[in-house]
Number of protein chains: 2
Amino acid sequence: MKRSRPLRRKPKRPEPKRQEPDAIDLRSTDDDPVVQGILTAISQKRLKPGAKLGEDKLAKAFGTTRIHIRQALSHLASRKVVMQIPNRGAFVYRPSWEEAKDILAARRVIETATVSAAIDRLDKAGRAELKAHMELEARHDRNDRWASLSLTAEFHVLVAKLAGNRVLLEMSRELMLRTSLAIATFEQPGEPDCLPDAHPDIGALILARDKASAIDAMRHHIEEMEQRIRPKEGADEVDELTAIFREIDARGRAGG
Amino acid sequence: MKRSRPLRRKPKRPEPKRQEPDAIDLRSTDDDPVVQGILTAISQKRLKPGAKLGEDKLAKAFGTTRIHIRQALSHLASRKVVMQIPNRGAFVYRPSWEEAKDILAARRVIETATVSAAIDRLDKAGRAELKAHMELEARHDRNDRWASLSLTAEFHVLVAKLAGNRVLLEMSRELMLRTSLAIATFEQPGEPDCLPDAHPDIGALILARDKASAIDAMRHHIEEMEQRIRPKEGADEVDELTAIFREIDARGRAGG
DNA sequence: AATCAATAAATTGGCGCCAATTTTTGGCGC
DNA sequence: GCGCCAAAAATTGGCGCCAATTTATTGATT
């Protein structure tokens, strides 16, 4: 009985579901705007290692509630992009010197493999994508720091994509993000991760299917990054954290 | 004034901090008992891919509250060990066929590299550890299924440890866990991940510092795993999910 | 009898409140 | 002035409650 249509629910809003293939950076496949926002800020070096990520401030900044922030921070902590300390809060991850070295060594392993696989699988579409990206990188405005940072990162992502292995692609993304943190920690902050001059060479070698040379070039490119980081004396020292946090706090939120 | 000692705090209990070097499996460095419990259950194949992980049930099982469970599940979802579907709950991750192939291909890349690095860095302590493990694996009780599963996994972890790169070690752990899920999904459930006969050969070659042969042996060992999985027809089909979940639910929780 | 719709039950998602801890601030003595 | 101690303020952690959605059950219709 009772066909009275009890209208028991709300009209069920149409589900925003942002799926835009938007900006260029190395965030992963997750579509949480808070996670994406923080990842973008980190990859653009607008958030420095050690920066405090207060829950209330983030909640206000993103116009959401503290619960979403907690979830996002927890997720980023699992990915070693954020460090959570009980009762003290979340901070942008600051890799140790040992970890920084290990991250780049891991990239050497994985990215030489992706270069190799990319050459094996290279097809017409892949060639086109690679050429398009190389032109973009050749012509881009070098004064636009953020565009430069995104473009150079995107090159490595593209190579990993061409390799056709999603797991290795995710690992590459992960390692690139952590490389950003490593370089920001042990080099001058604000510096780009890659010296961009290497990319055209590597790209050309991939297009030429010269596998051995391409692998060597990629290895060399990463070894250059490894040589650029130096253990800052006292950088890992305890309680130097607080000094940094104070500096961060002084200039307010990192929104610019 | 007022030196009245307001006894403002509790006596501050001595911090349990479980640090036991206990059981043998491939869970990572996190020390949350819920996370460890679920990871152990999965690596021991007591939780099958697709099994529902209800929050209330887990909370009761672990004697904790729903919040801790949510955090643990969220963390495991970040690591692709658990799949969370909005408003439906958490399930043991079930990799697609493509993903299963990619996981094993990634292992080929990473573990050949760790074998190589392990040989380069092999020292007295490392030799001793490796020998000890090989004896353990030779003498172990093959009737004890859980011990077997743990031991064979531990071999790969040990090699990654000897390589001396923590990042690659974590990635290896990650991939081994996901390999468990891949094999459980696309082979008979309950089967071990590794055919254990290969381990003595690889170990001997590492001890002999025969790098080329050791790498080949490891690659071959992983390729064997790759050949053991076969795409189950209809396993990736859409909406066959619901059928699986229903089946899972029908037989109650997967603990017993 | 099978199919479909509507109610009931179970489960997840999320907000608010409060306790516990940390960090800052204020004040006294050396 | 410098350092130590205590209270205040700010922040995180966690539990309970309720709304929203999904899943199961019941009942009616063809």
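Letters A, B, ... are given to chains in the order of the sequence lines, protein chains preceding strands, and every chain is numbered from 1.
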Just how far, in rounded Å, is C1' of C/dG13 from CG of B/L73?
-> 14 Å
Would you please confirm or rule out a distance under 4.0 Å between OP1 or OP2 of C/dT11 and any side-chain N or O of B/R88?
-> no
Protein-nucleotides 14-18 of chain D N/O pairs under 3.5 Å:
unit_1: D/dC15; atom_1: OP2; unit_2: B/T65; atom_2: OG1; d: 2.7

What is the pairing partner of C/dC30, taking Watson-Crick or G-U wobble pairs with both distances under 3.5 Å in any strand?
-> D/dG1
Go through the structure and list residues passing side chain to side chain donor-acceptor pair (under 3.5 Å) with B/S148, not counting sequence neighbours.
-> B/H140
Which sits closer to the 5' end of DNA chain C, B/L53 or A/P86, going by the nucleotide each is nearest to?
-> B/L53
Which residues pass the side chain to side chain donor-acceptor pair (under 3.5 Å) test with B/S172, sequence neighbours left out?
-> none
To the nearest angstrom, how far is A/F91 atom CZ from C/dT22 atom C1'?
-> 10 Å
How long is the line joining CG of A/N87 and P of D/dA10, in whole Å?
-> 18 Å
Check salt bridge (Lys or Arg N to Asp or Glu O under 4.0 Å) between B/E129 and all other residues, then give those that pass, not counting sequence neighbours.
-> none
N-O pairing of B/D193 and B/R228 below 4.0 Å = no
What pairs with A/R70 under side chain to side chain donor-acceptor pair (under 3.5 Å), at least two apart in sequence or on another chain?
-> A/E55
Round to a whole Å and report the spacing from NZ of A/K52 to P of C/dT23.
-> 7 Å
Under the salt bridge (Lys or Arg N to Asp or Glu O under 4.0 Å) rule, collect the residues that match up with B/R230, sequence neighbours excluded.
-> none
